[in-house]
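Read through the structure below, which is laid out as structure tokens, and then see the notes.
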Amino acid sequence: MTIISYAGMAKSNAVLAIGEAENGAFEKADSLLKEADEMMIVAEKAHMDIIVQEAQGVQHDFKVLFMHAEDQMLTTQTLMILVQKFINLYKN
């Protein structure tokens, strides 16, 4: 749930950042994207912990919830890259 929660909050901030940039509020957009980066660090750490456990031999049942968490995290990472590009375009 940590991955889903933090990736979800990061995704929300990234979408808000596009809106702020579109309205010329670049400092707010940058701040929202920075917060999204910090949230993704938490999500990515939780994800890596599970991967490391499995590499160390801990057997995890494959769960749909974990698959959803990974999907949420990877989608958010892609979105954040695009948001940064959009912010840069609006600034120019």
Original post:
For residues Asp49 and Gln53, is any side-chain donor paired with an opposing acceptor at under 3.5 Å?
Top reply: no
Nearest 0.5 Å, what's the [atom1]-[atom2] distance between [X] and [Y]?
{"X": "Leu32", "Y": "Glu35", "atom1": "CG", "atom2": "CD", "result": "5.5 Å"}
{"X": "Met40", "Y": "Met80", "atom1": "CE", "atom2": "CE", "result": "6.0 Å"}
{"X": "Ile18", "Y": "Ile87", "atom1": "CD1", "atom2": "CD1", "result": "7.5 Å"}
{"X": "Leu89", "Y": "Glu22", "atom1": "CG", "atom2": "CD", "result": "12.0 Å"}
{"X": "Thr2", "Y": "Glu44", "atom1": "OG1", "atom2": "CD", "result": "13.5 Å"}

Original post:
Under the 3.5 angstrom rule, does the side chain of Thr76 hit a backbone N or O of Gln72 as a donor-acceptor pair?
Top reply: yes
Do [X] and [Y] come close enough that some side-chain heavy atom pair is under 4.5 Å?
{"X": "Ile3", "Y": "Ile50", "result": "yes"}
{"X": "Tyr6", "Y": "Ile41", "result": "no"}
{"X": "Val83", "Y": "Asn13", "result": "no"}
{"X": "Ile51", "Y": "Glu54", "result": "no"}
{"X": "Leu16", "Y": "Lys28", "result": "no"}

Subject >> Carboxylate-amine/guanidinium proximity below 4.0 Å for Lys34 and Asp30 >> reply: no
Original post:
Of the non-hydrogen atoms in Ala29 and Ala17, which two are nearest, and what is the gap between them?
Top reply: CB-O, 3.4 Å
Original post:
Would a hydrophobic clustering, with Ile, Leu, Val, Met, Phe, Trp and Tyr connected at side-chain separations under 4.5 Å, put Phe66 with Met73?
Top reply: yes
Original post:
For Phe86, does the CZ atom sit with more than 12 other heavy atoms under 6.0 Å from it, leaving out its own atoms?
Top reply: no
